[in-house]
Amino acid sequence: MTKRAALAPYLDGIPEVASDAERDALFPVPDTGQRVYNRKGVTDADVVERYSGSAWVTTLVGMDTSGAYQYVHQQAGATFYDKFLAAHAALPAGGGTIDASRMLGSQVSATVIPVTKPCDIILPPRADITANAGFLKVTANYVRVMGGGKRSTVIAGSIAWNAADFILIEVSGTDGASIDSCGFSVVMTGSSVQADVYALPVMIHDDAAHVTGSTEWIVQNCDFQVTGTEPSTGNKMFGVLGWTRTASFPRLTRGGIITNNSFRDIAGRCIEVALCESVSVVGNTMRTGGSAATLVCVGVRVIGSRNIAVSGNVVDITGAGLANSDCLQVNGDNLSENVNFSGNALTTSAGAGTGVKIGANAAHVSITGNDILYNGVATTNMIGVLVTTNPSSTPPTDIFVNNNRISGFHEQLAIARNTGGDLYPDNVTMTNNRLGPRWDGANGIGNAYNFGQVDFLANKIVVDNNYYLGVTQGANAGNGGYWEENSNTELLTLSTSGTTTDTALDLLPVGSLIDAVTCRVTTTITTATAWSVGDPTTAARFSAANATMTAGTTSLGQDQWSGAVTTLAAGPSQEAAAKVRITTTGTPGAGVIRITVY
């Protein structure tokens, strides 16, 4: 390489002249500090001059000729990978800059590139880099990877599922890593494998020896897509994963920021913060979803981490076939503590799951000021905010749910014990939340999840001053007591193949007193001659047989309060959640009834 070529990166904007005479003609009255590259009649001269105020002096001040700035396009090699490796090798041990900005168009990196020196990596704008084996593995401190824009510089990889992780940029045990303004695309192909493997664009973790963590890192202004064959139970697809591969405290991976990124079409979890400390997830837009029942779709999952802030994000989960989805989640086998979810806009239309789920091993969690919406048509229970636990796990404790707007779910708020056990969340406060109607027009506040069986006094549960359409729905009665007024509704099409039709939903909440069950015939009932209102145990529990069948007919069901009631099953108390049943005299040929339970 000539001296002129070596100095090229430092001469941008500095005039080049052939002689002193040309210099003096160009600058008859030079400003102090003016610089020129003066060849002085020699093609490969090494003379940079600066005007001192009284004379031109030769200087190389500010000129780095140590090799600390390397242009990738000037290196030997046939491919992007070869040239990049050569540029990295040419850096001094103290690092420098690897400038690939002129490698425009389609590029190929056939093998993972090890980055073992501190450096700034400038990737080309308007370029697609194919890296089907992975792109970078960073093990040096102070490495910055800078692209030309979210959708301008795209690093893409496509690979069939196998027993190995697939990662485009992996940061292992470093300090000060930065990934900025890059686009990422991962496409998985073939049949998913029953192995605990990852497929993701960016992973930041501790070193292989679990001695040195990744600290003070940032991922910002990037675009992520992870698509293709959806994973089976053992596989995991992420956008960004920050984690420590050991559960000891203090967490080795810490001090991270994930901000201003777009996650599009992530078939899995957009962001997972696992066994980390002091991480902020701020201002990201996330869209995740799929169709596989085994797929777990989450906007942000926090597991075994502490001092985590998740705020100002937008999360949208789609996929009616999903059996498990949460916009935000704290859960897992290791303790998560001091987690804050605030000011997020969360929407889901999945077939099952929650807006926010707080599970086992969670402590000191705050859920405040979020907008949480369900906008699908689920056939199973969807929950706005669920606080629950698992068998043989430490129940969540010190959970604060305040000032959220929650709407569309089967249950807007719920507290649940573990299945088949008696471990309840402890010290939970749910106050000042604005609760909208359920997706089918009804409202609900967690009755289907044993909310009414919680021991408010023993478990230190406070559910107070929550509002539905401006009406206070519940309040504490003192000494651990709690009461709640509520209503559930469903539009029921009568069966034309039998004399009984049950509601799809459990309109009769567990642990409640049924004030009334009102009905309105919205489509005339034909063929049958009468209809009564009850439940699967007592056919006319609420209303006796009504022989008026025409549209517009109404029924006020309060027979459960009659003094003639002699059995508990026929009375107003509801010991277990149940459906409302319409029983007809004769099989209907048609008929639709609006049912509302108070």
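Hydrogens, waters and symmetry mates play no part in the numbers below; they use all other heavy atoms, side chains included. Please read all numbers here as calculations on a predicted model, not as lab measurements.
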Quick one, [X] and [Y] - any side-chain contact, counting heavy atoms below 4.5 Å?
X: Gln412; Y: Asn433; result: no
X: Pro509; Y: Asn488; result: yes
X: Ser495; Y: Thr500; result: no
X: Ile514; Y: Val597; result: yes
X: Met430; Y: Ile415; result: yes
X: Lys357; Y: Val298; result: no
X: Leu508; Y: Phe542; result: yes
X: Val186; Y: Leu200; result: no

**OP:** Applying side chain to side chain donor-acceptor pair (under 3.5 Å) between Arg594 and each of Thr523, Thr518, Thr489, Thr554, report the one that passes.
**Re:** Thr489
Original post:
Does a salt bridge link Lys579 with Asp506, judged by any charged N lying under 4.0 Å from a carboxylate O?
Top reply: yes
**OP:** Could you tell me whether Asp265 and Arg287 have a side-chain N and a carboxylate O separated by less than 4.0 Å?
**Re:** yes
Kindly give the heavy-atom pair with the smallest separation between [X] and [Y], and that separation in Å.
X: Leu513; Y: Ser573; answer: CD2-CA, 3.7 Å
X: Ala544; Y: Ser532; answer: C-CB, 3.9 Å
X: Pro536; Y: Asp502; answer: CG-OD2, 4.1 Å
X: Pro588; Y: Gly498; answer: CD-O, 3.4 Å
X: Asn284; Y: Ile258; answer: ND2-O, 3.0 Å
X: Trp161; Y: Ala199; answer: CH2-CB, 3.9 Å

**OP:** List in chain and number order the residues that pass ring pair (Phe, Tyr, Trp, His ring centres under 6.0 Å) with Phe263, two or more places apart in sequence or in another chain; answer none if no residue qualifies.
**Re:** Phe224
Would you find a donor on one side and an acceptor on the other, under 3.5 Å apart, between the side chain of [X] and the backbone of [Y]?
X: Asn261; Y: Val219; answer: yes
X: Thr288; Y: Gly268; answer: yes
X: Thr584; Y: Thr499; answer: yes
X: Asp371; Y: Ala345; answer: no
X: Ser336; Y: Ser305; answer: yes
X: Thr553; Y: Thr550; answer: yes
X: Thr285; Y: Val314; answer: no
X: Asp398; Y: Asn427; answer: no
X: Asn338; Y: Arg306; answer: no
X: Asn370; Y: Asn344; answer: yes

Reported [atom1]-to-[atom2] distance for the pair [X] and [Y], which is rounded to 0.5 angstrom:
X: Glu337; Y: His364; atom1: CD; atom2: NE2; answer: 5.5 Å
X: Asp223; Y: Ser262; atom1: CG; atom2: OG; answer: 5.5 Å
X: Ile317; Y: Tyr374; atom1: CD1; atom2: OH; answer: 11.0 Å
X: Ile303; Y: Leu335; atom1: CD1; atom2: CG; answer: 11.5 Å
X: Cys327; Y: Asn313; atom1: SG; atom2: CG; answer: 11.0 Å
X: Asp535; Y: Leu507; atom1: CG; atom2: CG; answer: 11.5 Å

**OP:** Before giving the answer on side-chain contact (heavy atoms from CB on, under 4.5 Å), spell out for Leu494 and Trp531 the whole-Å C-alpha distance, their side-chain angles and the decisive distance to 0.1 Å.
**Re:** CA-CA 11 Å; Leu494 297 182; Trp531 56 284; 5.9 Å; no
**OP:** Quick one: do Ile595 and Val517 satisfy side-chain contact (heavy atoms from CB on, under 4.5 Å)? Show the steps, please.
**Re:** CA-CA 7 Å; Ile595 302 171; Val517 179; 3.9 Å; yes
Original post:
Pick one: which of Val302, Ile367, Asn307 meets side-chain contact (heavy atoms from CB on, under 4.5 Å) with Val339?
Top reply: Val302
**OP:** Kindly state whether the ring of Phe238 and the ring of Trp243 have centres lying under 6.0 angstrom apart.
**Re:** no
Original post:
Could you go step by step and tell me if Ile582 and Val533 meet the side-chain contact (heavy atoms from CB on, under 4.5 Å) rule?
Top reply: CA-CA 5 Å; Ile582 301 296; Val533 184; 3.8 Å; yes
Subject >> Asn375, CG: over 12 other non-hydrogen atoms inside 6.0 angstrom >> reply: yes
Subject >> Heavy atoms of other groups near Arg405 CZ, more than 12 under 6.0 Å >> reply: no
**OP:** For Arg541 and Gln560, run side-chain hydrogen bond (donor to acceptor under 3.5 Å, both in side chains): C-alpha distance rounded to whole Å, both residues' side-chain angles, the deciding distance at 0.1 Å, then the answer.
**Re:** CA-CA 6 Å; Arg541 177 183 174 190; Gln560 72 275 19; over 6 Å; no
Original post:
Step by step, would you call Thr354 with Asp326 a side-chain contact (heavy atoms from CB on, under 4.5 Å)?
Top reply: CA-CA 5 Å; Thr354 71; Asp326 307 301; 2.6 Å; yes
**OP:** May I have the step-by-step check of side-chain hydrogen bond (donor to acceptor under 3.5 Å, both in side chains) for Asn432 and Asn402, ending in yes or no?
**Re:** CA-CA 6 Å; Asn432 300 313; Asn402 180 66; 3.2 Å; yes
